Enquirer: 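A single structure is presented below for examination.
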Protein chains: 2
Amino acid sequence: MVVFAGQGDPRRSMSLLWRSAEAGSRPGPKPGLSVDAIVDAAIAVADEQGMSALSMRAVGERLGRTAMALYTYVPNKAELLDLMYDKVLGQLPTEYPSDQGWRAALTAWVGDVRAFYLWHPWVLQVSQARPVLGPNEFTMLETLLRILRQTGLERSVLRGVVGVVTQFVRGAAEVIADARRAARETGVSDEEWWYARSPLVEEFSAPFERQFPLVAWLGELDPPAADDDCTPYLERHAEWNFTVGLEVLLDGIEAAVARSVG
Amino acid sequence: MVVFAGQGDPRRSMSLLWRSAEAGSRPGPKPGLSVDAIVDAAIAVADEQGMSALSMRAVGERLGRTAMALYTYVPNKAELLDLMYDKVLGQLPTEYPSDQGWRAALTAWVGDVRAFYLWHPWVLQVSQARPVLGPNEFTMLETLLRILRQTGLERSVLRGVVGVVTQFVRGAAEVIADARRAARETGVSDEEWWYARSPLVEEFSAPFERQFPLVAWLGELDPPAADDDCTPYLERHAEWNFTVGLEVLLDGIEAAVARSVG
DNA sequence: TTGCATCTCCTTACGCCATAAACTAACCTG
DNA sequence: CAGGTTAGTTTATGGCGTAAGGAGATGCAA
């Protein structure tokens with residue numbers, strides 16, 4: 001489902017992303033649609049039915065048009081994806097308190113971004129191969145940098161840190177988003193799925209504890225504890241991994257800061 | 001392009017993954033193919049032409065058959081993907097020296113896994129939503145755990161660490177793999193792509209340095225230094241991010257170890 | 001006012017994709 | 001040799017993105 005934009009006219013892409021509308025009075029029928037309306041409709045489809053349901057036909061239908069009508073406003077599906085991506089990024093918060101240190105602010109940012117990804121899981125499926133170069137993508141990076149600047153790390157190290165942090169949030173959100181998507185698209189919950197397979201692993205792998213002692217010890221094969229908590233199995237794991245992982249990451253950054261000062 | 005397996009018979013999936021062949025003499029024509037032959041052909045197609053070229057038709061053609069012939073051996077494309085995934089994971093090394101500490105071993109493991117992902121980039125496109133539960137997936141985890149056991153971290157923390165580390169390698173490889181895929185599928189190199197867009201960003205965003213001072217400072221907009229080095233622009237950045245990120249991660253784990261000891 | 005260029009939006013069509021259904025032909029067992 | 005089972009084919013269905021061409025609306029110049 002991953003598609004690449006940017007094979008078209010770069011100037012056209014950019015002017016769409018930054019919405020430099022010229023308009024003026026022109027011949028021909030008045031446009032019944034607009035880029036914004038199309039992008040909004042596309043976002044709505046993706047939010048409601050997931051990326052796999054996002055087709056030109058579906059977007060057109062939501063606007064009471066055919067698929068082909070969209071091509072008057074948007075060069076192709078890949079560009080539409082880029083527009084959706086940048087527009088929805090605009091929902092991210094941009095202000096974080098700077099008086100409690102970078103650690104608190106970064107924790108808040110990571111939490112917000114992860115929540116955002118889980119709110120619009122399809123965003124995770126937009127290729128990160130090449131930056132979209134839209135205004136909101138830059139804004140997101142600027143926000144992160146305002147927080148990380150407080151570490152006082154030098155530029156080249158900061159670049160690396162930006163990389164790990166963004167990768168971490170994406171990864172943390174992806175685990176959950178993928179699990180939810182799987183549950184929705186297959187109609188099988190994590191629990192059902194697991195209970196159907198867990199005994200089979202034991203059966204086919206002969207003595208599992210002998211073949212994979214450490215995996216067995218880690219308890220990935222344990223059935224989910226039947227808590228009052230109704231959060232799905234995999235998500236409970238993911239939640240914990242997120243907490244631990246974030247701490248590891250923050251400690252690592254702190255170490256880098258300590259090294260750069262000392 | 002992400003597809004989910006596991007909507008079929010779990011027992012069938014498992015017996016395919018663990019290759020519990022019954023065979024015996026049966027009526028009907030001799031099978032001209034085998035699950036292994038199909039999986040190998042599919043891996044070859046994915047390696048050579050990428051995941052987007054992996055269709056049942058393509059695999060069948062490579063074996064001199066039609067697409068439909070494969071369905072005798074494999075229930076559907078999603079299951080085939082799982083089989084490809086687990087089989088190719090078998091190429092990963094499993095032994096790492098334990099006499100130089102976990103840090104050295106983990107560094108080597110992360111490097112190997114990243115190299116592996118870049119060798120078979122399509123692996124990154126197999127959904128991680130639910131574990132495949134094949135033998136080689138367990139082996140990979142077991143290998144990582146043999147290394148991480150040396151940290152002496154308690155089980156629950158270790159689970160978190162496993163999560164961050166695997167997410168980190170995936171992320172680090174994805175950046176590069178996506179970039180290469182984009183270059184291949186669009187026929188536009190990173191450099192060409194960048195030179196076409198860089199000036200346009202300045203043009204459309206009015207005073208870029210005023211709007212995004214920190215982004216400008218970070219120099220993401222700098223044109224790539226024209227080194228003797230012929231590694232593409234984005235990959236050079238990625239390489240650096242990988243090094244810095246890994247160090248941050250290792251330091252973070254070390255902090256966790258120190259905390260658990262003290 | 002007319003004619004035309006231009007624009008929106010539609011219909012149609014092409015070539016992909018996964019896979020369901022029905023068929024042919026090979027083969028083992030009774 | 002008959003019957004049932006299996007491997008592999010052909011054909012068809014309903015999806016996808018989007019190229020091509022046409023119909024009707026609109027603003028402007030003559």
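Remember, predicted model here, so these are calculated numbers, not experimental data. So that the names make sense, note that chain A is the first sequence line, chain B the second, and so on, each numbered from 1.
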Enquirer: Relative to each other, are the rings of A/F138 and B/F212 parallel, tilted or perpendicular (30° and 60° limits)?
Expert: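 Answer is tilted, since the angle falls between 30° and 60°.
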Enquirer: Is the phosphate of D/dG8, meaning OP1 or OP2, less than 4.0 Å from a side-chain N or O of B/Y73?
Expert: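 Yes, such a contact exists.
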Enquirer: If you take any heavy atom closer than 4.0 Å to DNA chain C, which residues from residues 32-39 of chain A end up in contact?
Expert: A/G32, A/L33
Enquirer: Pick from A/V88, A/I38, A/L17: which one makes a side chain to side chain contact (heavy atoms under 4.5 Å, CB included) with A/L83?
Expert: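 Among the candidates, only A/L17 passes.
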Enquirer: Do B/E239 and B/R114 meet the salt-bridge criterion of a basic N to acidic O distance under 4.0 Å?
Expert: yes
Enquirer: Less than 4.5 Å apart, any side-chain heavy atom of A/E79 and any of A/R12?
Expert: no
Enquirer: Once each nucleotide of nucleotides 25-30 of chain D is scored for protein heavy atoms under 4.0 Å, what B/S/- sequence comes out, 5' to 3'?
Expert: BBSS--
Enquirer: Just to verify, what does A/Y73 make a ring-ring contact (aromatic ring centres under 6.0 Å, His included) with, not counting sequence neighbours?
Expert: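 Per chain and number, A/Y73 pairs via ring-ring contact (aromatic ring centres under 6.0 Å, His included) with no residue.
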Enquirer: Check DNA chain D against residues 55-69 of chain B and give the residues with a non-hydrogen atom under 4.0 Å, in numerical order.
Expert: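 Output list: B/R65, B/T66, B/M68, B/A69.
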Enquirer: Only counting residues at least two apart or in another chain, list the ones meeting ring-ring contact (aromatic ring centres under 6.0 Å, His included) with A/Y85.
Expert: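 Applying ring-ring contact (aromatic ring centres under 6.0 Å, His included) to A/Y85 gives none.
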Enquirer: If a pair satisfies side-chain hydrogen bond (donor to acceptor under 3.5 Å, both in side chains) and one of its residues is in residues 54-63 of chain A, list it, with sequence neighbours excluded.
Expert: A/E48-A/R62
Enquirer: With a 4.5 Å cut-off on side-chain heavy atoms, are A/L63 and A/L70 touching?
Expert: yes
Enquirer: Determine whether B/E174 and A/Q128 make a side-chain contact, defined as any pair of heavy atoms from C-beta on separated by less than 4.5 Å.
Expert: no
Enquirer: Is B/Q167 reaching over with its side chain to a backbone N or O of A/A172, donor-acceptor style, under 3.5 angstrom?
Expert: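 Between the backbone of A/A172 and the side chain of B/Q167 there is a qualifying donor-acceptor contact (under 3.5 Å).
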